[in-house]
Student: 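Here it is, the structure, as structure tokens.
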Protein chains: 2
Amino acid sequence: MVESKPKLPKPGRPVRGSTTGKPVMALIDLMGRRWILRILWELRGQPLTFRALQEACGRLSPSVLNGRLGELRAAALVDAGDDGYALTALGRELLTQFSSLTVWAEKWAKALR
Amino acid sequence: MVESKPKLPKPGRPVRGSTTGKPVMALIDLMGRRWILRILWELRGQPLTFRALQEACGRLSPSVLNGRLGELRAAALVDAGDDGYALTALGRELLTQFSSLTVWAEKWAKALR
DNA sequence: TTTCTTGCTACTAAAAACGTAGCAAAAGGA
DNA sequence: TCCTTTTGCTACGTTTTTAGTAGCAAGAAA
């Protein structure tokens with residue numbers, strides 16, 4: 001079997017299901033990948049080591065985590081520092097867009113019941 | 001071979017990588033699935049038929065689209081009406097959380113260049 | 001009736017995610 | 001220094017998810 005390199009979605013280039021190159025499409029592509037949002041979420045409070053991140057994501061396998069971290073670093077949303085992986089300023093900013101996600105999710109939960 | 005049923009993430013139940021049952025985790029699980037965010041996005045303006053949605057998502061295959069629609073309907077975010085699939089009130093509300101996504105994505109694009 | 005369109009299922013192939021094992025480098029003792 | 005941990009990560013075989021193509025049944029239009 002042949003290796004397939006995981007394409008990094010970047011604004012300005014066509015992504016899955018869209019040839020426009022619009023930044024929002026790159027963002028939607030990136031965020032639609034498994035674990036991306038979760039990783040950002042887990043880093044919201046403080047930096048975490050590779051292994052701590054793994055734990056936080058329910059023992060996520062290292063190969064997948066490493067892949068995602070590569071994508072997040074390429075996207076300049078996460079970055080590796082002395083105390084582990086941390087959100088960049090950009091990443092923190094993106095996460096604020098979702099700041100009320102918890103609140104909304106609670107409401108959603110009630111509506112579904 | 002055995003069928004594997006596509007688990008629908010619901011608040012109150014454990015999801016991938018989290019056993020807490022917290023609504024926000026169910027939401028993160030759901031949104032981390034490919035095409036979910038995109039479909040919501042494409043429906044932001046007006047209802048679309050199954051086939052129009054397929055086109056909008058770059059000829060997304062019907063099997064995948066149908067699966068995702070099932071999940072979105074189970075989550076009460078989308079619902080099938082006379083003129084096709086449309087966001088529910090809940091779905092519209094979730095999308096407003098992402099309303100400034102386009103703007104932020106533009107900024108992101110500039111930062112990456 | 002014939003011709004389209006629409007929503008969707010069946011089925012196979014390809015890609016992504018999982019899970020486990022484990023290694024090399026750095027850190028922390030003793 | 002030598003030994004023990006911890007850490008970040010790669011390899012690789014298995015399982016799950018996603019993709020892609022074909023096509024059918026039901027309804028609308030001609």
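Chain naming here is simple, since letters A, B, ... match the order of the sequence lines and numbering starts at 1 in each. Computed from heavy atoms alone, side chains included, the values below leave out hydrogens, waters and symmetry copies.
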Student: So which nucleotide from dT9(C), dC18(C), dT10(D) ends up closest to the side chain of Pro62(A)?
Tutor: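 Nearest nucleotide to the side chain: dT10(D).
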Student: Report yes if a side-chain nitrogen or oxygen of Arg59(B) is closer than 4.0 Å to either non-bridging phosphate oxygen (OP1 or OP2) of dT21(D); otherwise report no.
Tutor: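 No.
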Student: Mapping Tyr85(A) and Arg16(A) onto DNA chain D by nearest heavy atom, which one lands closer to the 5' end?
Tutor: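 The answer here is Tyr85(A).
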Student: Return the value, rounded to whole Å, for the distance between atom CG of Leu48(A) and atom C1' of dT6(D).
Tutor: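 For the pair Leu48(A) CG and dT6(D) C1', the rounded distance is 16 Å.
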Student: Rounded off to whole Å, could you give me the CG-to-C1' distance for the Asp29(B) and dT16(D) pair?
Tutor: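 So the two atoms are 14 Å apart, to the nearest Å.
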Student: Which is true for Leu65(A) with a 4.0 Å heavy-atom rule: it touches a base, it touches only sugar-phosphate, or it touches nothing?
Tutor: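 Nothing, no nucleic acid heavy atom in range.
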Student: Contact class for Thr49(B) vs. all strands (heavy atom < 4.0 Å): base, sugar-phosphate, or nothing?
Tutor: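 Contact class for Thr49(B): sugar-phosphate only.
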Student: What's the closest nucleotide to the side chain of Asn66(A) if the choices are dA19(D), dT21(D), dT10(D)?
Tutor: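 Within the option list, the nearest is dT10(D).
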Student: Side chain of Arg51(B) only, heavy atoms from C-beta on: which candidate in dC9(D), dT21(D), dT6(C) is closest?
Tutor: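 Output: dT6(C).
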Student: Between Gln54(A) and Arg34(A), name the one whose nearest nucleotide on DNA chain D is closer to the 5' end.
Tutor: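 In this pair, the answer is Gln54(A).
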Student: Can you tell whether the side chains of Glu55(A) and Arg51(A) come within less than 4.0 Å, N to carboxylate O?
Tutor: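 Between Arg51(A) and Glu55(A) there is no salt bridge, as every charged N stays at least 4.0 Å from the carboxylate O atoms.
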Student: In this structure, how many angstroms lie between the C1' atom of dT17(D) and the CD1 atom of Ile36(B), rounded?
Tutor: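 Checked: the CD1 to C1' distance equals 13 Å.
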Student: Can you identify which nucleotide, out of dT9(C), dA19(D), dC12(D), has its nearest atom closest to the Ser63(A) side chain?
Tutor: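 Of all the options, the side chain of Ser63(A) is nearest to dC12(D).
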Student: Under 6.0 Å from the ring centre and within 45 degrees of the ring axis: does the NZ or CZ of Arg38(B) meet both conditions for the six-membered ring of Trp41(B)?
Tutor: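 That pair does not qualify as a cation-pi contact.
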Student: From CZ of Arg38(B) over to P of dA19(D), roughly how many Å is that when rounded to an integer?
Tutor: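 So the two atoms are 11 Å apart, to the nearest Å.
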Student: Take Val78(B) and Tyr85(B) through the side-chain contact (heavy atoms from CB on, under 4.5 Å) test and state the conclusion after the steps.
Tutor: CA-CA 7 Å; Val78(B) 161; Tyr85(B) 290 94; 4.1 Å; yes
Student: In plain terms, say whether Glu106(B) and Lys110(B) are close enough for a salt bridge, that is, a side-chain N and a carboxylate O under 4.0 Å apart.
Tutor: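 Result for this pair is no, no salt bridge flagged.
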Student: How close or far is atom P of dA16(C) from atom CG of Leu30(A), stated in whole angstroms?
Tutor: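 Value for this atom pair: 14 Å.
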Student: Select one nucleotide: of dT18(D), dA17(C), dC8(C), the one nearest the side-chain heavy atoms of Phe50(B).
Tutor: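 That would be dC8(C).
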Student: To the side chain of Trp35(A), which of dA19(D), dC18(C), dT9(C) is closest?
Tutor: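 Per side-chain heavy atoms of Trp35(A), the pick is dC18(C).
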Student: Measure CG/Leu60(B) against P/dT17(D) and give the value in whole Å, please.
Tutor: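 So the CG-P distance, Leu60(B) to dT17(D), works out to 17 Å.
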Student: Just by distance, do the side chain of Arg13(B) and the backbone of Leu8(B) share a donor-acceptor pair under 3.5 Å?
Tutor: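 Yes.
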Student: When the distance from CG of Leu53(A) to C1' of dT6(D) is rounded to whole Å, what number comes out?
Tutor: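 That distance rounds to 16 Å.
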Student: Whole-Å distance between dA16(C) P and Arg33(B) CZ?
Tutor: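 That distance rounds to 18 Å.
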